[in-house]
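Report on the following structure.
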Amino acid sequence: MERGSPGASRPVEPGPCLSSLRGAEPAASASTLSAARAQPGSRVIAVAAVLPAGGCGERMGVPTPKQFCPILERPLISYTLQALERVYWIKDIVVAVTRENMGAMRNIIQKYQHTRISLVEAGETRHRSIFNGLKALAKDQPDTQLSKPEVVIIHDAVRPFVEEDVLLKVVAAAKEHGAAGAIRPLVSTVISPSADGCLEISLERARHRASEMPQAFLFDVIYEAYRQCSDYDLEFGTECLHLALKYSHTKAKLVEGPPDLWKVTYKRDLYAAESIIKERISHAVCVVMDPKQDKEPVDHFLEALKNELNDVKIESREPGQAGRDIQQSNLEQCYNFVSMNIMMSDFQETRKLLHMLEESNLSILYPVVVVSVHFFDFKLVPLSQKMESLMWIRESAKEMKKRNILLFGLIIDYSQGEQKLQESLRQGAIIIASLIKERSSALVGQLLVA
Ligand SMILES: Nc1ccn([C@@H]2O[C@H](COP(=O)(O)OP(=O)(O)OP(=O)(O)O)[C@@H](O)[C@H]2O)c(=O)n1
Ligand SMILES: O=P(O)(O)OC[C@@H](O)[C@@H](O)[C@@H](O)CO
């Protein structure tokens with residue numbers, strides 16, 4: 001067993017106070033938890049997580065095991081770790097990876113600044129990997145930072161979209177019932193074929209559910225189940241809840257989970273995961289402009305942008321406030337910036353913004369989009385001369401790409417008649433909306449004309 005990045009931060013308070021939720025339906029939510037925590041005499045419980053990540057991803061059909069396949073140039077497993085790290089009351093996250101992938105996993109932990117991660121060697125099967133993770137927690141040895149939790153979450157490393165609410169529900173239910181697991185309605189009907197390949201039984205779909213993850217268990221329940229587990233079950237089983245029932249005689253409480261719990265299995269799942277992630281980081285745009293500049297073109301442009309990005313929060317900021325916002329590391333962080341340069345081609349605003357982004361670690365987890373918008377009077381200076389003065393962006397974009405910052409240029413002729421200007425503003429907004437939503441590195445450094 002190996003601890004992850006040095007100085008791994010440990011949550012201030014290691015576990016949720018579920019004693020106050022005893023008997024509560026799994027509908028408990030994080031807000032209920034925080035209320036319970038406030039109650040005097042409530043007791044925090046220790047919660048850890050085990051993530052099996054030792055598979056080869058055969059069904060994905062690519063050489064790289066799917067947990068290491070990139071989404072927006074970041075390995076899939078890093079999104080799952082981030083999701084669990086957001087939950088401060090999970091005190092340890094044990095990841096089971098194969099020996100040959102230990103180095104890659106250590107690099108991921110280092111590069112994406114993951115914390116509370118411990119690595120164990122995976123087994124030949126998913127159950128064996130999970131068992132290895134549980135063994136690491138069971139040791140409860142003074143020389144490791146791991147201690148035996150009261151409740152353990154088991155979650156596939158290839159299920160990146162797990163939120164605190166469902167984790168709290170399965171943990172609360174496991175505390176009450178000994179075991180709990182997330183379920184989802186079936187999409188297809190389950191049938192049982194006969195030996196000659198014909199339909200034997202068709203299950204009534206409405207009366208059955210798909211077993212998903214996360215699952216949670218009183219540690220002793222699931223650890224004893226794995227200790228008693230037959231080699232056959234360790235080899236061929238796919239359901240931890242079944243082991244708890246069969247070997248620990250514990251009936252799991254089933255918790256209806258949200259739609260995004262699905263497991264990345266086939267290549268299409270990677271594409272789906274990428275589009276969900278892109279959509280989630282495209283919800284906010286920060287328009288940065290020095291207040292000394294002429295506000296009129298910006299106001300018109302903001303209107304056009306709001307029309308094109310109607311489901312997106314658009315905030316305008318002075319450079320200093322933008323810098324303070326960038327330093328925040330909250331879940332609502334903004335990963336999209338539009339820098340307004342009115343009648344200037346020296347990129348003042350953009351340079352300031354890029355410097356602030358380079359000073360921050362905002363682009364470690366997600367690619368940050370920066371669109372440098374330039375309002376020019378083409379009558380005063382021909383476009384060709386302006387383009388020449390804007391070539392700075394090309395070189396700068398190459399450097400920024402290395403920092404996962406995608407820099408694009410956009411030129412708008414401010415000397416046009418009102419109607420043409422409105423059309424350019426609208427076109428510019430459409431271009432920016434597309435750059436944010438697509439996040440394509442193919443266009444970085446390009447100067448687009450609206
Ligand atoms: N020996 C194994 C096999 C699987 N897993 C993990 O269990 C999770 C769910 O398993 P699955 O989707 O089956 O992953 P793979 O076995 O990699 O996929 P495939 O069956 O397509 O090879 C994955 O995070 C996988 O890495 C594991 O830890 N150890
Ligand atoms: O590893 P496999 O893809 O074969 O199976 C994993 C799934 O069965 C499992 O994650 C859920 O069904 C919950 O147990």
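One-based numbering, in listed order, for ligands and for the atoms of each. Below, all heavy atoms of this structure are taken into account, side chains as well, without hydrogens, waters or symmetry copies.
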With a sphere of 6.0 Å drawn around CD of Glu124, does it hold more than 12 non-hydrogen atoms of other residues, nucleotides or ligands?
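Not buried by this count: 12 neighbours or fewer within 6.0 Å.
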
Look at atom CD of Glu58 and say whether more than 12 heavy atoms of other residues, nucleotides or ligands are closer to it than 6.0 Å.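 Result for CD/Glu58: open.
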
- Can you say whether the rings of Tyr223 and Phe219 are parallel (under 30°), tilted (30 to 60°) or perpendicular (over 60°)?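 It falls in the parallel class, under 30°.
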
Query raised in the report: What orientation do Tyr79 and Tyr366 show, parallel under 30°, tilted 30 to 60°, or perpendicular over 60°?
Result: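 Tilted, since the angle between the ring planes falls between 30° and 60°.
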
What atoms in ligand 2 come closer than 4.0 Å to a heavy atom of [X]?
{"X": "Arg159", "value": "9 (C), 10 (O), 11 (C)"}
{"X": "Arg59", "value": "2 (P), 3 (O), 4 (O)"}
{"X": "Gln215", "value": "13 (C), 14 (O)"}

* Asked: Between Glu399 and Arg403, is the closest basic N to carboxylate O distance under 4.0 Å?
  ->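 Salt bridge absent between Arg403 and Glu399.
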
* Ion pair Glu274/Arg439, N-O distance below 4.0 Å ->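 The answer is no: the pair does not qualify as a salt bridge.
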
query: Should one rank His242, Arg126, Glu212 by closest heavy-atom distance to atom 1 (O) of ligand 2, which comes out on top?
result: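 The nearest heavy atom belongs to Arg126.
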
Can you pull the residues with any heavy atom under 4.0 Å from ligand 1?
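Around ligand 1, where the cutoff is 4.0 Å for heavy atoms, the contacting residues are Pro52, Ala53, Gly54, Gly55, Cys56, Gly57, Glu58, Arg59, Lys66, Gln67, Gly123, Glu124, Thr125, Arg126, Ser129, Asp156, Ala157, Val158, Lys263.
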
Any N or O of Ser211 that comes nearer than 3.5 Å to an N or O of ligand 2?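 The answer is yes, given that Ser211 and ligand 2 share an N or O pair closer than 3.5 Å.
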
Q) Closest non-hydrogen protein atom to atom 10 (O) of ligand 2, residue and atom name please, with distance? A)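 Answer for atom 10 (O) of ligand 2: Asp156 OD2, 2.5 Å.
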
Here's one to test your reading of the geometry: is the NZ or CZ of Lys267 within 45 degrees of the ring axis of Tyr271 and under 6.0 Å from its centre?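 Not flagged: Lys267 not positioned over aromatic ring of Tyr271.
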
- prompt: Are any side-chain N or O atoms of Thr98 and backbone N or O atoms of Ala122, one a donor and one an acceptor, separated by less than 3.5 Å?
  reply: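 No, because the side chain of Thr98 does not come within donor-acceptor range (under 3.5 Å) of the backbone of Ala122.
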
